[in-house]
Amino acid sequence: DINTQYSARGATQVAKNYTGLDLNNVDVIFNLQAKANVIGGQSAGSAMTISVIAALTNKTLRDDVIITGSILEDGSVGDAGSVKEKAKAAKEGGAKLFLIPLGLGSEAHDYKKIKKCGKIKRYDYCEVVFEEEKVSIGSDIGIEVKEVKTIDEALNYFLEDVEKEI
């Protein structure tokens, strides 16, 4: 997927900028594995960036923290889709904390199908409407959800040797 390749290049560049290391003679290769038929898109960009920074600085990442979101050139964590589904997968994988891009919020929108019937004069009528229902991703799934704006902020949750409050 071209978007995943773009994310890999962006992740490496952001990691280079973050660490200040010269990567001109370094090959960064990603091996993405998932329980999915297709792996694609830019949502793994932030996770790739975190991984490269940890590898370059010889840091250990916590295995109970998961992140989704694209990576922007300035180190900002960008948009991601299917956040609720990813939160479920993170929970099933043993994560306790799920990091999402700033602005996505910890709520998802579901739509409930409702049949409403009534009477107008002597005619019975029914209609089917879809009502929006907000659900808390964290409460609904049972995982803590936090919004992050930058890779630097996300690293504070990932690195085992950094003091943090979760």
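Listed by chain and number, the residues in a side chain to side chain donor-acceptor pair (under 3.5 Å) with N58 amount to none (sequence neighbours excluded). For K115, the salt bridge (charged side-chain N to carboxylate O under 4.0 Å, His left out) test picks out no residue, with sequence neighbours left out. Under the salt bridge (charged side-chain N to carboxylate O under 4.0 Å, His left out) criterion, D79 pairs with no residue, sequence neighbours left out. Partners of Q5 by side-chain contact (heavy atoms from CB on, under 4.5 Å), not counting sequence neighbours: none found. By the side chain to side chain donor-acceptor pair (under 3.5 Å) test, K91 pairs with no residue at all, sequence neighbours left out. In this structure S76 satisfies the side chain to side chain donor-acceptor pair (under 3.5 Å) test together with D74, sequence neighbours excluded. Every residue two or more places apart in sequence or in another chain that forms a side-chain contact (heavy atoms from CB on, under 4.5 Å) with D124 is listed here: K119. With sequence neighbours excluded, no residue forms a side chain to side chain donor-acceptor pair (under 3.5 Å) with K113.
Looking at T57 and T19, their side chains come closer than 4.5 Å, going by heavy atoms from C-beta outward. Looking only at side-chain heavy atoms (C-beta outward), I100 and V145 come within less than 4.5 Å of each other. Here the side chains of E153 and L99 are not in contact, with every heavy-atom distance at 4.5 Å or above. Side-chain atoms of T4 and M48, non-hydrogen and from C-beta on, do get closer than 4.5 Å to each other.
Residue I151 holds its CD1 atom at 4.5 Å from OG1 of T49, rounded to the nearest 0.5 Å.
By the rule that hydrophobic residues join a cluster once side-chain heavy atoms approach within less than 4.5 Å of another member, L102 and L155 end up as members of separate clusters.
By the 4.5 Å side-chain criterion applied to Ile, Leu, Val, Met, Phe, Trp and Tyr, Y123 is assigned to no cluster and stands alone. Side-chain contacts under 4.5 Å among hydrophobic residues (ILVMFWY), followed directly or transitively, place L72 with no other residue at all. Clustering of Ile, Leu, Val, Met, Phe, Trp and Tyr by side-chain heavy atoms under 4.5 Å joins Y6 with none of the others. Residue V129 is found in a hydrophobic cluster whose other members, listed by chain and number, are I114; membership requires side-chain heavy atoms under 4.5 Å apart, directly or through intermediates.
When all heavy atoms of K96 and I143 are compared, the pair lying nearest together is O-CG1, 3.5 Å. Counting all heavy atoms, side chain and backbone alike, S43 lies closest to T68 at CB-OG1, 3.6 Å. A pairwise comparison of heavy atoms in I67 and S46 identifies CG1-OG, 3.6 Å as the closest pair. Taking both residues in full, the closest heavy atoms of E73 and N17 are given as O-ND2, 4.3 Å, listed atom of the first, atom of the second, then distance.
A salt bridge is defined here as a Lys NZ or Arg NE, NH1 or NH2 lying under 4.0 Å from an Asp or Glu carboxylate O, and E147 with K149 fails to meet this definition. Salt bridge status for K16 with D22: absent, with no side-chain N to carboxylate O gap under 4.0 Å.
Remark: E127 CD is packed, more than 12 non-hydrogen atoms of other residues, nucleotides or ligands lying under 6.0 Å away.
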